[in-house]
There are 2 protein chains.
Amino acid sequence: MPRQEKLSIEKIIAASIEIIDVKGYNALTLADVAKVLKIKPPSLYNHISGLDALRQQMGHYAMTAFYDAMTTSAFGKSGSEAIYAVSDAYMQFVKERTSLYQSMTRVPNESEPAYAALNQKLTSMLTQLMAHYAESESDRIHCVRGLRSLLYGFAAIELEGGFRMAVSKSESFQYILDLYIKGLESNCQSRKLENNH
Amino acid sequence: MPRQEKLSIEKIIAASIEIIDVKGYNALTLADVAKVLKIKPPSLYNHISGLDALRQQMGHYAMTAFYDAMTTSAFGKSGSEAIYAVSDAYMQFVKERTSLYQSMTRVPNESEPAYAALNQKLTSMLTQLMAHYAESESDRIHCVRGLRSLLYGFAAIELEGGFRMAVSKSESFQYILDLYIKGLESNCQSRKLENNH
DNA sequence: TTGACAAAACTAATCATATTAGTTAAAATA
DNA sequence: TATTTTAACTAATATGATTAGTTTTGTCAA
């Protein structure tokens, strides 16, 4: 009986996610978290140092799950296949774990070492995927920034209900990804032509 | 002397922008707004119906300025020239009027008619710009969604300090835009080939 | 000029929330 | 079992949004 009862940071995060599911990221309050956990708000301070710290920890937790999803999706793939895979995994994460995704993107301090380190690893992974399309390191980074911008922007606009025209959003997503890959390929093409000048 | 003193919704918005410039969008409070305007917080309710309503009005005000900047930049241009122009204007707006841009993108209710109408007009304008690259209406909308995603994502990641590698962000932006345009062109190309099958 | 009216300020009060301080009970451990 | 730590609690403070009711002030017509 005294098994499941033990409170932990994980339980606090789980409760917070529940609340965000219902009320949205901005509406998270310690008062509500305490209510869900059936304790008084000050008791939470035995586990976390405040609302901002909770958000920070949620960000790290979310980033961990996200990093895992991204890495898994790309494993063993290369070229456009890998790019499609991580992009689909990205959007799947956004759709299926929206509150977690928001906890990641709206983390109070992105510079916090643990968070930043994971972010950095993710960027490295993506940069490797660009090997097929760009030779120089800086070009690969440009490509990664492009993909991240695309995915981040699409997800954000979709989440806030921004795509209002009566056109399939998933078709748009495929179209946009195709466009991006075509851009990469066309880039390759022109590079090869230059080399044979 | 009693000239400049008159309070108005414009002055309230201006004061709010000042505060956001310094403390960030989330930290806006009516208490601070009142302090800047040298009145007591309840007095604000003679002009606005609360913090959320203020944010909504700021969103509309911001969208108006943004729509103006976008439209002006594209005027008389077409094809890739127009796309580069609106993209540059977009990023310029983000950089020079950051608080306003955030007030627009984080507006409490994007469905509010006045806001949504402007948003719709902006989308129409951008869709027209895609005439050169896509024939069907739905393809043009896909293209617009791609561009918006790209710009929105790049701006958001840059604002939150997400591009950490030692690579020029403005070069990345140019690279990404080039990539996007190449994608559009390559799309055209393959469409023409198909037609001549 | 003055009295009525409307606008816009004010004070007082309420409520929700975060957070701190200090206390206590319960669990873990020596 | 005695001690120590953990994690709950109550009480209190501070900030901020918001409402109610009052007062001031500026405008405008008689």
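Quick caveat, the model's predicted, so the values are computed rather than measured. Each chain gets a letter, A, B and so on, in the order its sequence line appears, and its residues count up from 1. For the numbers below, each heavy atom of this structure counts, side chains included, while hydrogens, waters and symmetry mates do not.
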Fill in: N/O (side chain, B:S43) to phosphate O (OP1/OP2, C:dA8) under 4.0 Å
no
Worksheet item: Is there a donor and acceptor pair, one atom on the side chain of A:N46 and one on the base of D:dA8, closer than 3.5 Å?
Response: yes
Worksheet item: If you pin A:P42 and A:D32 to their nearest nucleotides in DNA chain C, which one's is more 5'?
Response: A:D32
Discussion item. Could you check, using the six-membered ring where one of them is a Trp, whether A:Y152 and B:Y152 have ring centers closer than 6.0 angstrom?
Written reply: no
Worksheet item: Strictly under 6.0 Å, is that where the ring centroids of A:F163 and A:F154 end up?
Response: yes
Fill in: Integer-rounded Å distance: C:dA9 C1' and B:I12 CD1
12 Å
Discussion item. Output the rounded distance in Å from CG (A:L51) to P (C:dA18).
Written reply: 6 Å
Worksheet item: Between atom OH in B:Y45 and atom P in D:dT22, what is the gap in whole Å?
Response: 20 Å
Practice prompt. Report the distance from atom CG of B:L30 to atom P of D:dT15, rounded to the nearest whole Å.
Written response: 16 Å
Discussion item. Using modelled atom types and a 3.5 Å cut-off, is there a donor and acceptor pairing between side-chain atoms of B:R140 and backbone atoms of B:A134?
Written reply: yes
Practice prompt. Grab the CG-C1' distance between B:L28 and D:dA17 for me, whole Å please.
Written response: 12 Å
Item to complete: Round to the nearest Å and state the distance from A:K40 atom NZ to D:dA12 atom P.
Response: 16 Å
Worksheet item: Taking CD1 from A:I39 and C1' from D:dA8, how many angstroms apart are they, rounded to a whole number?
Response: 8 Å
Worksheet item: Between A:T123 and A:N119, is there a donor-acceptor pair closer than 3.5 Å when you use the side chain of the first and the backbone of the second?
Response: yes
Practice prompt. May I ask you to verify if any side-chain N or O of A:H47 is less than 4.0 angstrom from the OP1 or OP2 atom of D:dT6?
Written response: no
Practice prompt. Grab the CG-P distance between B:L37 and C:dA9 for me, whole Å please.
Written response: 9 Å
Worksheet item: B:T29 near the nucleic acid: base, sugar-phosphate alone, or nothing, with a heavy-atom cut-off under 4.0 Å?
Response: sugar-phosphate
